[in-house]
Amino acid sequence: MENLVKNLDEIITKLHKLKEENRRLRSENKKMEVQLSNLKVEADQYKSQYLNITNQREDKAQIKFNSVVSQQDIRSDNSNTIMTSNIDGMEEVKHQLDVFIEDIDQCIQIIQARNNATG
């Protein structure tokens, strides 16, 4: 019987140790859950910052792209304007040449008429 009481005392002591260890582990678990929660919040903040930086870079790239396209459009418009003015200039020169040719034709006709009259 004495042996049984001694064994029961050992079992009770071990149970107390187990309970204490269980409390300690639960407390540690709670601390780790809090740390995990904090780390998740921090990770979300980093993700948000990363997305903001990425969006800013994309916006800057889009603005730069739009600027380049706009400059090319302006160059294209300028080229079209230059081509149009060149065509207008060429038509003016052509008109002047037609007038000169008519004048030369009239001169040739006058000269031929004089030659035929004196001839």
Side-chain angles (χ1 to χ4, degrees):
M1 182 86 160
E2 194 177 301
N3 203 11
L4 184 64
V5 170
K6 186 178 177 186
N7 285 339
L8 283 175
D9 284 341
E10 286 178 19
I11 292 173
I12 290 173
T13 305
K14 288 183 181 181
L15 277 174
H16 285 296
K17 286 182 182 178
L18 282 174
K19 282 183 180 180
E20 195 60 37
E21 187 65 21
N22 188 18
R23 283 187 204 125
R24 188 187 67 77
L25 288 174
R26 284 184 184 192
S27 173
E28 189 71 25
N29 190 24
K30 294 250 185 215
K31 288 178 186 177
M32 288 187 175
E33 285 176 357
V34 169
Q35 286 180 344
L36 179 63
S37 176
N38 291 339
L39 288 173
K40 285 180 180 180
V41 169
E42 191 174 341
D44 287 342
Q45 289 173 345
Y46 284 127
K47 285 178 186 177
S48 177
Q49 287 176 355
Y50 173 77
L51 290 174
N52 286 338
I53 291 170
T54 302
N55 288 338
Q56 288 174 354
R57 286 183 180 170
E58 288 175 356
D59 289 346
K60 286 180 183 179
Q62 186 66 39
I63 289 169
K64 189 172 184 177
F65 174 77
N66 290 344
S67 174
V68 169
V69 168
S70 155
Q71 289 175 356
Q72 288 177 346
D73 287 346
I74 290 170
R75 288 184 192 137
S76 177
D77 289 346
N78 287 343
S79 296
N80 289 340
T81 303
I82 291 170
M83 288 174 58
T84 302
S85 65
N86 285 345
I87 291 171
D88 292 343
M90 289 174 60
E91 288 181 12
E92 179 64 29
V93 169
K94 183 179 175 188
H95 176 69
Q96 288 177 353
L97 283 174
D98 289 341
V99 170
F100 288 139
I101 290 172
E102 287 176 14
D103 289 344
I104 291 173
D105 283 343
Q106 287 178 359
C107 290
I108 291 172
Q109 288 175 3
I110 292 171
I111 292 171
Q112 284 176 347
R114 282 189 189 168
N115 285 340
N116 286 342
T118 57

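The structure displayed is predicted, hence computed values, not measured ones. Computed over heavy atoms, backbone and side chain alike; hydrogens, waters and symmetry mates excluded.
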Kindly compute the distance separating [atom1] ([X]) from [atom2] ([Y]), expressed to the nearest 0.5 Å.
X	Y	atom1	atom2	answer
Asn3	Leu8	CG	CG	10.0 Å
Gln35	Glu42	CD	CD	11.5 Å
Ile12	Lys19	CD1	NZ	10.0 Å
Asn22	Leu15	CG	CG	11.5 Å
Gln109	Asn116	CD	CG	11.5 Å
Asp98	Phe100	CG	CZ	11.0 Å

Handout entry: Pairing of Glu20 and Arg23 as salt bridge, 4.0 angstrom limit
Key = yes

Exercise for the section: Indicate yes or no: does Glu21 engage Arg24 in a salt bridge with an N to O separation below 4.0 Å. Expected result: yes

Handout entry: Main-chain N/O of Leu25 paired to Asn29 side chain as donor or acceptor, under 3.5 Å
Key = no

Exercise for the section: Kindly say whether Asp9 contributes a backbone atom to a donor-acceptor pair with the side chain of Thr13 at under 3.5 angstrom? Expected result: yes

Handout entry: Candidate pair Leu36 and Met32, rule side chain to side chain contact (heavy atoms under 4.5 Å, CB included), full reasoning
Key = CA-CA 6 Å; Leu36 179 63; Met32 288 187 175; over 6 Å; no

Exercise for the section: Applying side chain to side chain contact (heavy atoms under 4.5 Å, CB included), run through Lys94 and Leu97 and close with a yes or a no. Expected result: CA-CA 5 Å; Lys94 183 179 175 188; Leu97 283 174; 5.6 Å; no

